[in-house]
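Here's the structure, in structure tokens; my notes come after.
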Amino acid sequence: MASNGNGEFTFANGNGTAAVANGNGTARNGLAKIQTQKKGNGMCHDDSTPPVKAQTIDELHSLQKKKSAPTTPIKGTQGGAFAITLSEVERQKQQLQSISASLASLTRETGPKVVRGDPAKQSDTPKVSSHVSHHHHFTPTISVSDSALKFTHVLYNLSPAELYEQAIKYEKGSFITSTGALATLSGAKTGRSPRDKRVVKDDTTEDELWWGRGSPNIEMDEHTFMVNRERAVDYLNSLDKVFVNDQFLNWDPENRIKVRIVSARAYHSLFMHNMCIRPTPEELENFGTPDFTIYNAGQFPCNRYTHYMTSSTSIDLNLARREMVILGTMYAGEMKKGLFSVMHYLMPKRQILSLHSGCNMGKDGDVALFFGLSGTGKTTLSTDHNRYLIGDDEHCWTENGVSNIEGGCYAKCIDLSREKEPDIWNAIKFGAVLENIVFDEHTREVDYSDKSVTENTRAAYPIEYIPNAKIPCVGPHPKNVILLACDAFGVLPPVSKLNLAQTMYHFISGYTALVAGTEDGIKEPTATFSACFGAAFIMLHPTKYAAMLADKMLKHGATGWLVNTGWSGGSYGSGKRIKLPYTRKIIDAIHDGSLLNAKYKKTEVFGLEIPTEVEGVPSEILDPVNTWSDKNAHNETLLKLAGLFKRNFETFTNYKIGKDNKLTEEILAAGPNF
Ligand SMILES: Nc1ncnc2c1ncn2[C@@H]1O[C@H](COP(=O)(O)OP(=O)(O)OP(=O)(O)O)[C@@H](O)[C@H]1O
Ligand SMILES: O=C([O-])CC(=O)C(=O)O
Ligand SMILES: [Ca+2]
Ligand SMILES: [Mn+2]
């Protein structure tokens, strides 16, 4: 008991009836009177609602979950329930055999024993012997060297809710944010590691792929790949459970690729659930053997005594085996972009152009592509409330039009605001993965301005979280091809109209100021050239993709544009990044066709056609020289950048694009002139 200050005594807990029940039915301190209903027998019963249909707590819990409905449509008329059950068992068996084959060590005769379900749930574990089955709470102790005797539990295509529970229970750093997203940490690596990405050079790939200076393909031999594969597979098999995702790439049904992702973290499984195309239950039943498999053993390092290894991180691609192995990095973007590399190999073989671009479509069916390196605005500008989103990062352009490769978006979150990017903001809800963000420990509200973990904070969400997503994510041939550059020098105009040769010149150059963070170790923007706006992901020589782009743009009459989403009024440090609302106005004017027929003037040095007016944009910013207070500094910077372009392009002067030499010469002439 304690004094309430009025000289009265109240009970601090439970038995409050006596204290609050006073004469007029209201407690003197304002609390409502608590009534207890007395039954005839004088006993109190808490039975205001009917009792549950369970006799025990276990029974109660078993009522909570019902079995997922069988998804196999009844094939044929006879057979009945029994036949369906049998084929369901048979199908599950085949699925497990396929997963066991995926996880098989190449030095042993059979794959591991696999079983579906969470090892933490007793009922999911098969009883190995009658002796064991007597012990209800028996948990086997697993020793790595006994892997032949143990089961590898497979958590197969879990739902987001199940993956949330796995992450929160078992992965440190997993939390639910105030809007329902799953906050997670990717560990020591918060960006991709391009210097640790290797490709097996064999007789075929030696001729087919782009090797040497400028190429992203660092060679490794078949044997070393096998060593790393074995290391990853052994690691995964030593765990008591692995996650397996069977999903698709490419919304074009004729060119769909089946991928399997084996990983050790719920975070990785949910990330790929969001980023790849999610199969329907029927599609999953008929999935069969994957076309490509990722072994993500990112928690485990590669062995630095292994040939070719220069760090403890290695991302290894073997095109002949159709496999990728990840060791020593948990950054999930490696899986997304690793698969993109695979598409950059497979699609051109089918005369399909693969593109590091965003893509959206207007109400009238006009399609725009947004090329650009990391952080230049593909996701931000393709996510447009007035247009249908086809995809934010990876596309294919076929004879029939465009298709998104992915089933989700991967947006940069640094300084994300509800006002400027409402659709992305609203997509960060239950099911979305939020990487490396910082939140209030109590309210779980995310502080998007906080770079404590990394500048490269990211959200991965299914594309249908964007209200005007175009499902299926396909569209007709593009009308506009927008090249985005985030120019840290502040000398490229906010928008220029390009002719075909200029479009090719800038596409092959792939200029931007690489924005901090997405690639490991880059902290400040620096001028970067990355062929095809994605040299880190292309597999063939850049001119192969460029020639295909030129063909398609010519054939379908697409217009090229160069849009600077970077600095204005000076270089990085003195100028400022162009306001997003201005860039959006520029993009609107491209989409609605008004910019095509605007008045233009030609710039010095780069020879770019710039409009004198764009609706909603102050005219003086359209020519960068106007925004610099120091004109000499401007001219010097302009020449400096032009020099960097020239030097970069020297590597390409010996290559021919297309059948005749005419376009090649035009492209060479389309660069800066000074
Ligand atoms: N004028 C602008 N135009 C476009 N984006 C801008 C502008 N000013 C600031 N930004 C910011 O720049 C970032 C652009 O990132 P975005 O996610 O669109 O990159 P991306 O091209 O999709 O890169 P990645 O390939 O790495 O996904 C966003 O954080 C956006 O808010
Ligand atoms: O791959 C990543 O981590 C993010 C991305 O989209 C890119 O860098 O182009
Ligand atoms: Ca993006
Ligand atoms: Mn990208």
Side-chain angles (χ1 to χ4, degrees), residues 186 189-194 197 216 271 275 315 329 331-341 344 354-360 369-384 389 391-395 405-406 408-425 427 435-436 448-449 451 454-460 482-488 490 492 494-495 510 512-520 522 525 528 530 532-538 563-568 575-587 617 621:
S186 69
K189 302 274 178 171
T190 57
R192 282 180 291 103
S193 308
K197 191 173 155 236
F271 178 90
M275 294 311 300
I315 301 110
T329 173
Y331 182 66
E334 297 289 4
M335 295 183 283
K336 162 192 163 57
K337 279 305 202 291
L339 290 175
F340 191 34
S341 299
H344 267 315
S354 44
L355 314 158
H356 187 209
S357 77
C359 181
N360 66 19
L369 293 177
F370 299 80
F371 287 97
L373 286 173
S374 187
T376 55
K378 292 184 299 299
T379 301
T380 297
L381 299 171
S382 56
T383 309
D384 181 333
L389 178 66
D392 79 324
D393 199 57
E394 307 177 5
H395 290 85
I405 289 174
E406 302 179 291
C409 303
Y410 194 32
K412 282 180 89 72
C413 291
I414 199 69
D415 296 326
L416 182 69
S417 78
R418 188 202 291 265
E419 302 72 51
K420 286 192 199 134
E421 304 188 56
D423 286 344
I424 295 175
W425 179 280
E435 288 175 338
N436 301 321
Y448 287 110
S449 69
K451 308 175 184 175
T454 176
E455 161 109 36
N456 188 34
T457 53
R458 292 265 181 177
I482 303 170
L483 310 182
L484 304 170
C486 177
D487 175 30
L492 286 186
V495 59
T512 198
L514 197 63
V515 174
T518 308
E519 288 190 3
D520 207 40
I522 284 146
T528 316
S530 180
C532 309
F533 292 103
F537 327 117
I538 61 179
V563 170
N564 174 12
T565 63
W567 272 254
S568 175
K576 279 210 170 72
R577 193 155 180 194
I578 294 167
K579 288 190 173 66
L580 181 54
Y582 291 159
T583 304
R584 287 209 197 274
K585 285 285 179 198
I586 288 169
I587 300 291
V617 183
I621 75 164

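Atoms within each ligand, like the ligands themselves, are counted from 1 in listed order.
Under the 4.5 Å side-chain criterion, counting only non-hydrogen atoms from C-beta, Phe340 is in contact with Ile405. Side-chain atoms of Phe271 and Glu435, non-hydrogen and from C-beta on, do get closer than 4.5 Å to each other. Taking the side chain as every heavy atom from C-beta outward, Thr379 and Tyr410 never approach each other to under 4.5 Å.
Formation of a donor-acceptor pair under 3.5 Å by the Arg584 side chain with backbone atoms of Lys420 is found in this model. Looking at Thr565, its side chain does come within 3.5 Å of a backbone N or O of Thr376 through a donor-acceptor pair. Without hydrogens or angle criteria, Asn564 side chain to Leu492 main chain gives a donor-acceptor distance under 3.5 Å.
Between Gly377 and ligand 1, an N or O atom pair is found at a separation short of 3.5 Å. Taking distance alone, with nitrogen or oxygen atoms compared against 3.5 Å, Gly372 stays at or beyond that limit from ligand 1. For ligand 1, none of its N or O atoms has an N or O atom of Ala411 under 3.5 Å away. At a 3.5 angstrom cut-off on N or O pairs, Lys337 does not count as close to ligand 1. Considering backbone and side-chain atoms together, Arg458 places an N or O closer than 3.5 Å to an N or O of ligand 1. Residue contacts with ligand 2: Arg192 is placed with a nitrogen or oxygen under 3.5 Å of a nitrogen or oxygen of the ligand (distance criterion only).
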How far apart are the C-alpha atoms of Arg192 and Ile315, what are their side-chain angles, what is the distance that settles it, and do they pass the side chain to side chain contact (heavy atoms under 4.5 Å, CB included) test? CA-CA 10 Å; Arg192 282 180 291 103; Ile315 301 110; over 6 Å; no
Candidate pair Asn456 and Ser374, rule side chain to side chain contact (heavy atoms under 4.5 Å, CB included), full reasoning: CA-CA 10 Å; Asn456 188 34; Ser374 187; 5.7 Å; no
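A pairwise comparison of heavy atoms in Met275 and Glu406 identifies O-CB, 3.2 Å as the closest pair. What you find for Trp425 and Leu416 is that their closest heavy atoms are CZ3-O, 3.8 Å. Scanning all heavy atoms of the two residues, the minimum distance from Ser341 to Ala536 falls at OG-O, 4.4 Å.
Residue Asn360 forms a side chain to side chain contact (heavy atoms under 4.5 Å, CB included) with just one option from Thr383, Leu381, Leu369, Asp384, and that option is Asp384.
Shown in contact with Asp393 at under 4.0 Å from a heavy atom are these atoms of ligand 1, numbered in order with element: 25 (O), 27 (O). The distance from ligand 1 to the heavy atoms of Leu373 drops below 4.0 Å at these ligand atoms: 21 (O). Those atoms of ligand 2 with a heavy atom of Tyr331 less than 4.0 angstrom away are 2 (C), 3 (O). Of all atoms in ligand 1, listed by their number and element, those nearer than 4.0 Å to a heavy atom of Lys412 are 15 (O), 17 (O). Of all atoms in ligand 1, listed by their number and element, those nearer than 4.0 Å to a heavy atom of Glu421 are 30 (C), 31 (O). Residue-ligand proximity, His356 to ligand 1, at heavy-atom distances under 4.0 Å covers atoms 25 (O). Close approach to His356 involves these atoms of ligand 2, each under 4.0 Å from a residue heavy atom: 9 (O). Near Ile578, the atoms of ligand 1 lying under 4.0 angstrom from a non-hydrogen atom of the residue are 1 (N), 2 (C), 8 (N). Residue contact check: Thr380 has heavy atoms under 4.0 Å from atoms 14 (C), 15 (O), 16 (P), 18 (O), 28 (C), 30 (C) of ligand 1. Listed by atom number, the atoms of ligand 1 under 4.0 Å from Tyr410 heavy atoms are 27 (O).
The closest non-hydrogen atom to atom 5 (C) of ligand 2, taken over Lys337, Lys412, Glu394, comes from Lys337. Distances from atom 7 (C) of ligand 1 to the heavy atoms of Lys579, Lys576, Arg584, Arg577 put Arg577 nearest. The heavy atom nearest to atom 4 (C) of ligand 2, out of those in Lys336, Arg458, Glu334, is found in Arg458.
At a threshold of 2.8 Å, the Mn ion (ligand 4) has a backbone or side-chain N, O or S atom of Lys337 nearer than that distance. The Mn ion (ligand 4) has an N, O or S atom of Asp393 closer than 2.8 Å.
The N, O or S atom of His356 lying closest to the Mn ion (ligand 4) is NE2.
With a 6.0 Å cutoff to the six-membered ring centre and a 45° limit on the axis angle, Lys337 counts as a cation-pi contact of Phe537.
Within the 4.0 Å heavy-atom criterion, the part of Thr583 lying near ligand 1 is the side chain and not the backbone. Contacts between Asp393 and ligand 2 below 4.0 angstrom, taking non-hydrogen atoms only, involve the side chain exclusively. When heavy-atom distances to ligand 2 are checked against a 4.0 Å cut-off, Phe537 comes that close only through its side chain, counted from C-beta outward.
Ion pairing of Lys197 with Glu334 is absent here, as no side-chain N (NZ or NE/NH1/NH2) approaches a carboxylate O to less than 4.0 Å.
In the model, Asn436 has a side-chain atom that pairs as donor or acceptor with a side-chain atom of Ser186 under 3.5 Å.
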